[in-house]
Amino acid sequence: MFKRLLIANRGEIAVRVIRACRELGTESVAVYSDADARALHVLLADRAVRLGPASPAESYLSIDAVLAAARQVQAEAIHPGYGFLAESAAFAAACARAGIAFVGPPADVIARLGSKIAARALAAEAGIPVVPGSVPIDQRDETIAGAARRVGFPLLVKPSAGGGGIGMKTVREEALLPPAIAQARREAIAAFGDGALYLERLIERPRHVEVQILADHHGGVVHLFERECSLQRRHQKVVEETPSPAVTPALRARLGEAAVRLAQQAGYRNAGTVEFLLEGTGDQARFYFLEVNTRLQVEHPITEQVTGVDLVRAQIAIAAGEPLAWAQENLRQRGHAIEVRVYAEDPARDYLPQAGRLLLYRQPSMPGVRIDSGVAEGDDISVHYDPLIAKLVAQAETREAARRRALAALREFPVLGIRTNASFLMALLEHPRVVGGDTDTRLVDEERDALIARLAGTPPAEAMAAARAVPAAETGATGADSPAADPWSALRGWRG
Amino acid sequence: MGEVTDLGHGRYLVAGRLAYAAGPPQARWVFLDGHVYVIDVRPAAGDPATAPDRRHDDELALASPMPATVAAVNVAPGQTVARGDVLVMLEAMKMELPIRAPRAGRVARVACKPGQLVQPGIALVELE
């Protein structure tokens with residue numbers, strides 16, 4: 001096992017990896033930008049090294065800065081988390097050249113699967129169905145437009161690089177194609193430095209189902225079943241669960257087998273996720289390969305909760321050369337787990353990201369509830385990074401019990417000082433179609449107005465009374481850096 | 001609502017219910033039964049001390065809602081715009097945030113340039 005591991009990330013995922021290191025007896029080294037000098041991951045790690053200014057390009061995205069930090073502390077391994085450099089083939093290659101173990105697949109595998117165009121070809125070679133579409137070799141706008149006419153509308157314009165729905169555009173009629181191509185290309189270049197685009201027929205009302213895989217360096221590959229991630233707003237997942245209410249045992253076997261076959265075909269190593277679109281229901285449902293995420297997923301905890309496998313520890317063990325500890329037939333799903341992502345965003349204002357100070361932040365503590373978070377009360381949520389505040393995972397014997405548990409936990413999770421989507425998540429968990437497991441990737445966007453209508457309106461008398469009771473000079477629960485006493489005492493009313 | 005007991009650390013017992021509350025000088029944030037309320041405790045409108053924040057929607061729509069970077073400025077002074085036109089494209093937290101014209105009109109002033117970091121509430125474009 002490694003003596004010292006550097007975590008090239010921040011926030012909740014850095015905290016998650018630090019905790020795994022502690023359990024393994026591996027020394028953890030955090031890295032940070034100037035905006036994160038006092039962040040939770042820095043406080044929790046055994047050591048911490050400054051990378052640079054707040055801007056990601058000069059800190060968490062800087063291969064040179066991260067490798068310099070790793071050399072400085074003589075780290076034997078680097079865990080990239082998700083986002084930032086996690087899917088950078090150049091970073092994985094640079095680690096290899098520096099003699100540092102990269103906790104992830106080899107650079108050539110990341111490069112091949114990171115190109116969605118190449119990944120589609122690989123899936124087709126492995127005999128796995130892909131969404132009908134077109135991959136224009138000539139990337140001029142006119143050529144792409146011509147290809148779009150052949151694919152037919154509605155369709156999706158997708159960047160070959162990246163993920164998270166960034167740069168992906170739905171186009172329902174030809175007239176809207178030119179601006180969609182231009183915007184997709186602009187966003188793809190800005191986010192990933194690669195403007196290559198391809199087209200896919202839009203599958204109406206698909207479910208998004210993904211399969212977790214683990215592959216060691218000795219030829220062992222297993223899958224850890226599926227995660228259903230259909231509840232997305234603008235291609236950003238907000239609620240995930242496992243097992244999927246739509247996946248039958250026969251379909252589960254086919255999905256798992258396809259994911260393992262793809263991993264073998266790709267020479268995959270370490271943890272990864274094979275994403276599929278699911279069309280229809282029951283044993284006859286059709287699935288299409290979407291892409292492979294060559295890293296740990298944000299939503300990995302739900303798989304951990306139902307399989308009992310610690311994916312982060314498994315990742316580190318695989319990177320250290322250990323064989324997989326489980327055979328496929330020993331892996332089981334037990335009960336049900338649901339994750340909700342609490343974001344600093346305002347659903348009523350088009351999910352606008354929010355920045356500011358967490359005046360009060362209290363995580364619930366109750367049976368079957370796990371919170372993965374990288375923040376603490378008094379922290380500033382900055383404009384520089386992802387607005388994820390916490391992942392709340394509820395686990396229970398059945399789906400319905402897990403759903404109710406997630407709701408109960410959100411009801412005991414006060415986050416004040418920054419608007420969050422917590423009430424929106426509660427409304428979503430109570431939506432009849434979510435209650436019934438009848439979800440698809442368009443549900444959140446279509447039901448947005450109905451969900452927002454259920455958000456808190458006029459404060460009840462109890463809330464007004466509590467507001468009045470806050471001492472005038474208090475600037476937060478911490479009482480830190482209080483300016484002059486608040487001269488105002490009368491309540492004027494409430495704001496939105 | 002007479003009975004409020006301060007339990008300390010931002011916790012309040014209000015008519016037998018547990019509420020959490022915190023606040024900077026201008027507003028109070030209250031958490032009750034899973035819902036968050038932002039309650040403005042400043043004096044009534046008309047007080048000059050509150051003037052800077054008393055913008056009407058029209059002006060607010062032309063300001064950044066949060067700290068952001070200006071990705072593109074699509075208009076110049078004197079230009080006529082239609083309702084819904086994207087005047088300025090901002091970028092924050094990996095997302096594009098379009099600032100759209102709340103009504104048709106002529107651009108009187110452009111107060112930002114590409115690459116600039118802008119703060120919330122400050123007008124980016126003014127319409128005549």
Side-chain angles (χ1 to χ4, degrees), chain A residues 164 166 183 187 190-191 349 352-355 357 359-360 362 382-387 407 410-417 419-420 422-423 426 455-456 459-477 483-496, chain B residues 1-47 49-50 53 64-69 71-72 89 91-98 117 119-120:
Chain A
I166 294 168
Q183 198 187 355
E187 289 184 9
R349 295 182 66 194
L352 199 64
Q354 305 287 300
R357 178 162 296 179
L359 298 176
L360 187 144
R362 309 281 161 85
S382 85
V383 62
H384 301 288
Y385 312 115
D386 190 87
L407 274 169
L410 283 169
R411 211 163 275 138
E412 289 186 36
F413 192 179
V415 180
L416 299 181
R419 284 185 194 279
T420 75
S423 297
M426 289 170 63
L455 301 185
E462 290 92 338
M464 298 298 280
R468 247 180 255 123
V470 177
E474 195 173 355
T475 58
D486 181 358
W488 319 122
S489 52
L491 284 167
R492 190 183 63 192
W494 60 284
R495 291 192 298 183
Chain B
M1 197 57 55
E3 288 299 305
V4 181
T5 311
D6 185 345
L7 302 172
H9 303 283
R11 294 155 69 242
Y12 296 87
L13 189 64
V14 189
R17 298 166 75 187
L18 179 62
Y20 294 81
Q26 300 85 3
R28 300 289 179 266
W29 294 73
V30 178
F31 179 88
L32 184 71
D33 279 341
H35 290 291
V36 172
Y37 305 93
V38 184
I39 298 169
D40 196 327
V41 294
R42 289 173 307 180
D47 187 304
T50 64
D53 274 70
S64 175
M66 61 179 301
T69 309
M89 186 62 85
E91 221 175 73
M93 290 175 171
K94 303 190 290 186
M95 282 179 28
E96 287 191 345
L97 306 173
L117 182 72
Q119 296 300 324

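The structure presented is a predicted model; accordingly, all values stated were derived computationally and were not measured. A, B, ... follow the sequence lines: proteins, then strands. Residue 1 opens every chain.
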In sequence, state the C-alpha distance, the side-chain angles, and the governing distance for Met464(A) and Ile39(B), and then conclude on side chain to side chain contact (heavy atoms under 4.5 Å, CB included). CA-CA 7 Å; Met464(A) 298 298 280; Ile39(B) 298 169; 3.7 Å; yes

If every non-hydrogen atom of Val4(B) is compared with every non-hydrogen atom of Ala465(A), which pair is closest and at what distance? CG2-CB, 3.8 Å

Grab the two heavy atoms, one from Ala21(B) and one from Ala466(A), that are nearest each other, plus how far apart they are. CB-O, 4.0 Å

Is there a side chain to side chain contact (heavy atoms under 4.5 Å, CB included) between Val415(A) and Phe31(B)? Walk through the geometry before answering. CA-CA 8 Å; Val415(A) 180; Phe31(B) 179 88; over 6 Å; no

Measure Ala422(A) against the heavy atoms of chain B and call it side chain, backbone, both or neither at under 4.5 Å. neither

For the residue pair Leu352(A) and Leu97(B), establish whether any side-chain heavy-atom pair is separated by less than 4.5 Å. yes

Note: Val30(B) and Ala463(A) closest approach over all heavy atoms is CG2-O, 3.6 Å

Stepwise, does the side chain to side chain contact (heavy atoms under 4.5 Å, CB included) test hold for Leu359(A) with Trp29(B)? CA-CA 9 Å; Leu359(A) 298 176; Trp29(B) 294 73; 3.9 Å; yes

Not counting sequence neighbours, list each pair that qualifies as a salt bridge (Lys or Arg N to Asp or Glu O under 4.0 Å) and has a residue in residues 10-21 of chain B. Glu462(A)-Arg17(B), Arg17(B)-Asp33(B)

Minimum heavy-atom separation for Arg28(B) to Pro471(A), with atom names? NH2-O, 4.1 Å

Is it the backbone or the side chain of Ala191(A) that comes under 4.5 Å from a heavy atom of chain B, or both, or neither? neither

